[in-house]
Amino acid sequence: MDDAPRIEIEVLASISSVSADEWDACTDPDAGPRPLDPFTRHRFLKALEDSNSVGTGTGWQPRHIVARAQGEVIAVMPLYGKSHSQGEYIFDHNWAHAYERAGGRYYPKLQASIPFTPATGRRFLARPGWEETGRAALTQGAVQLALQNKVSSLHITFCTEAEYEAGGEAGLLQRTSQQFHWFNRDYTDFEAFLADLSSRKRKTIRKERRVAAEAGLTIRMLTGADIEPHHWDAFWEFYQDTGARKWGTPYLTRQFFREAQAYLRDDMLLILAEREDVPVAAALNFIGADVLYGRYWGCNMEIPCLHFELCYYRAIEFAIENGLSRVEAGAQGSHKLARGYLPVPTYSLHWVADEGFANAISEYLEAERAAVDEEIEIVTSYGPFRKTLNEDEGAE
């Protein structure tokens with residue numbers, strides 16, 4: 001007789017249909033002062049929905065999956081029905097075009113991800129002890145939802161490496177991409193980090209920081225109660241400008257930052273540059289238990305090297321001072337290499353309904369994985385760090 005508990009799957013049209021305690025018991029069961037992953041927490045996903053940054057008219061329709069055993073929530077997955085491919089950062093536009101040229105309908109599709117957030121984190125979220133059962137239930141539930149709704153595909157993006165390996169064993173298609181992350185090698189301060197770099201890179205960074213400092217700005221590191229409503233007024237202007245230039249329309253609404261003021265300030269680091277008490281630029285980060293996630297940057301005037309100072313160097317200083325192991329600086333950007341950030345693979349999983357199309361994508365992904373591996377190896381070889389302990393010692 002099979003003693004395995006019966007698993008029930010529910011699809012939610014809103015994160016509010018499950019309590020924060022039930023959801024967060026799967027995302028962060030041993031939550032300390034900082035969330036393990038601020039983006040999968042109930043409060044972040046709820047802020048997106050309550051601010052209408054996702055939902056009707058956005059192309060991101062919540063379809064969150066909840067798995068229960070004997071009435072208890074044992075696993076959850078942040079899932080969305082998508083009518084486009086914006087805000088994902090794992091690009092499948094070519095897949096969509098190819099499928100539609102062949103007479104298929106690529107949209108809608110299902111996307112297991114955090115909207116507008118290219119940050120690695122768990123997508124198969126389960127209570128301790130339910131990891132394997134929960135992952136299997138969530139996978140089966142998501143594929144079944146795709147089949148029932150006759151959508152073209154399911155995409156699980158920026159998942160962990162462990163989830164990537166397990167998903168591949170379960171028959172999902174595997175894809176790798178690349179980002180640049182900064183790693184803390186137990187540095188005591190920023191100078192200790194610079195000492196790890198080649199002389200040329202040290203000189204470049206010191207010059208960029210000096211140029212930024214010569215602008216005569218006041219730079220403030222704000223988190224928690226130090227972030228006030230008027231700071232969001234300024235940041236909204238910066239964000240609108242950046243969003244209009246990058247995406248055409250900003251992804252987040254003004255209301256999202258009101259929700260952030262009310263519920264997310266403790267998860268955020270706002271690095272603000274002011275000239276005579278007037279904000280001129282800012283970088284917004286999210287703080288995890290062990291990672292600082294760089295998310296948004298904006299300014300209302302061009303100041304040389306200020307972007308590097310706020311987005312990269314101040315983020316590194318914060319990570320060192322707070323004992324964080326790494327900084328994820330967002331999508332793309334090979335220019336980050338010269339600032340101490342190294343290339344790392346990111347992972348995603350895919351299920352495609354049409355067998356012929358799935359086979360074609362599988363062949364493409366095999367070649368793409370090899371190309372990504374080769375690029376990471378080559379780029380790493382050009383990294384900014386000293387190749388030996390004695391290299392450039394004392395040279396400036």
Side-chain angles (χ1 to χ4, degrees), residues 28 31-41 43-45 47-48 51 53 114 116-121 179-184 187 189-190 193 209 212-213 217-239 242-243 250-252 256-274 279-299 303 305-331 333 336 339-341:
D28 204 0
R34 299 286 189 193
L36 182 65
D37 178 353
F39 304 115
T40 58
R41 297 283 284 184
R43 60 178 174 256
F44 180 82
L45 299 173
L48 290 177
S51 66
S53 297
I114 308 302
F116 330 124
T117 307
T120 292
Q179 282 186 348
F180 288 83
H181 297 176
W182 177 86
F183 295 92
N184 189 351
Y187 298 121
D189 53 26
F190 195 85
F193 157 62
R209 302 204 75 181
L217 305 175
T218 299
I219 298 178
R220 303 172 64 192
M221 310 284 280
L222 305 174
T223 189
D226 291 334
I227 305 177
E228 300 180 14
H230 68 274
H231 294 134
W232 294 121
D233 293 335
F235 187 78
W236 172 246
E237 293 185 16
F238 303 148
Y239 176 72
T242 301
Y251 292 137
L252 300 173
F256 174 83
F257 297 104
R258 297 188 184 97
E259 299 289 330
Q261 172 67 17
Y263 304 111
L264 303 176
R265 283 185 297 168
D266 289 342
D267 298 337
M268 291 177 156
L269 168 67
L270 182 65
I271 307 175
L272 184 68
E274 298 174 323
V280 298
L284 181 62
N285 305 261
F286 279 78
I287 312 168
D290 200 35
V291 184
L292 183 68
Y293 302 91
R295 289 304 303 116
Y296 300 108
W297 146 266
C299 62
I303 298 174
C305 299
L306 187 60
H307 174 261
F308 300 145
E309 178 67 21
L310 266 59
C311 293
Y312 305 142
Y313 304 141
R314 293 290 175 138
I316 289 173
E317 286 186 337
F318 183 89
I320 293 173
E321 290 171 5
N322 289 273
L324 304 180
S325 69
R326 73 179 189 276
V327 178
E328 291 194 15
K336 297 168 186 171
R339 276 102 204 157
Y341 292 71

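None of these values were measured; they are calculated from a predicted model.
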Locate the shortest heavy-atom distance separating [X] from [Y]; write the atom from each residue and the value.
{"X": "F257", "Y": "W236", "answer": "CE1-CE3, 3.5 Å"}
{"X": "R43", "Y": "P35", "answer": "NH2-CG, 3.9 Å"}
{"X": "R265", "Y": "A225", "answer": "NH1-CA, 3.6 Å"}
{"X": "L310", "Y": "I219", "answer": "CD1-CD1, 3.8 Å"}
{"X": "Y341", "Y": "A329", "answer": "CE2-CB, 3.8 Å"}
{"X": "S325", "Y": "D290", "answer": "OG-OD2, 2.7 Å"}

Apply salt bridge (charged side-chain N to carboxylate O under 4.0 Å, His left out) to R258 and list each qualifying residue two or more places apart in sequence or on a separate chain.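 Salt bridge (charged side-chain N to carboxylate O under 4.0 Å, His left out) list for R258, sorted by chain: empty.
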With sequence neighbours excluded, tell me which residues meet salt bridge (charged side-chain N to carboxylate O under 4.0 Å, His left out) with E237.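 For E237 there are no salt bridge (charged side-chain N to carboxylate O under 4.0 Å, His left out) partners, ignoring immediate neighbours.
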According to side-chain contact (heavy atoms from CB on, under 4.5 Å), who are the partners of D189, at least two apart in sequence or on a separate chain?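 Only E191, A192 meet the side-chain contact (heavy atoms from CB on, under 4.5 Å) criterion with D189.
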Mind checking side-chain contact (heavy atoms from CB on, under 4.5 Å) for S53 and listing every partner two or more places apart, or none if nothing turns up?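 For S53 the side-chain contact (heavy atoms from CB on, under 4.5 Å) partners, ignoring immediate neighbours, are L48, S51, F116, L252, T253, F256.
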side-chain hydrogen bond (donor to acceptor under 3.5 Å, both in side chains) partners of [X], counting only residues at least two apart:
{"X": "N322", "result": "none"}
{"X": "Q261", "result": "W232"}
{"X": "R326", "result": "E328"}
{"X": "D233", "result": "R254"}

Treating Q179 as the side-chain partner and P118 as the backbone partner, does any N or O pair qualify as donor plus acceptor under 3.5 Å?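 Judged by distance alone, yes, a pair lies under 3.5 Å.
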Could you tell me whether a side-chain N or O of Y293 sits under 3.5 Å from a main-chain N or O of D37, the two making a donor and an acceptor?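 Not confirmed, Y293 side chain does not pair with D37 backbone.
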Measuring from [X]:[atom1] to [Y]:[atom2], what's the distance to the nearest 0.5 Å?
{"X": "L217", "Y": "I303", "atom1": "CG", "atom2": "CD1", "answer": "4.5 Å"}
{"X": "L270", "Y": "D226", "atom1": "CG", "atom2": "CG", "answer": "10.5 Å"}
{"X": "I320", "Y": "L292", "atom1": "CD1", "atom2": "CG", "answer": "11.5 Å"}

For D267, is there an ion pair with R41 - N to carboxylate O distance below 4.0 angstrom?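 Answer for the salt bridge query: no.
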So F238 and F235, would you call those rings parallel, tilted or perpendicular, with 30° and 60° as cut-offs?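 Rings of F238 and F235: perpendicular, over 60°.
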Does the pair R295 and T117 meet the rule for a side-chain contact (heavy atoms from CB on, under 4.5 Å), with working shown? CA-CA 8 Å; R295 289 304 303 116; T117 307; 4.1 Å; yes
Pairwise side-chain contact, P250 with Y239, heavy-atom cut-off 4.5 Å (strictly under):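 When only atoms from C-beta onward are counted, Y239 and P250 do touch, with a gap below 4.5 Å.
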Do H231 and R220 have side chains that approach each other closer than 4.5 Å (heavy atoms only, starting at C-beta)?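 Touching, per the 4.5 Å side-chain cut-off.
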What side-chain donor-acceptor pairs closer than 3.5 Å can you find for residues 311-319, not counting sequence neighbours?
| residue | atom | partner | partner atom | Å |
| --- | --- | --- | --- | --- |
| Y312 | OH | H335 | NE2 | 2.8 |
| Y313 | OH | E208 | OE1 | 2.5 |
| R314 | NE | E309 | OE2 | 2.7 |
| E317 | OE2 | R209 | NH1 | 3.0 |
| E317 | OE2 | R209 | NH2 | 3.2 |

Can you give me every donor-acceptor pair (side chain of residues 280-287, partner residue at least two apart or in another chain, under 3.5 Å) with its distance?
| residue | atom | partner | partner atom | Å |
| --- | --- | --- | --- | --- |
| N285 | ND2 | L269 | O | 3.4 |

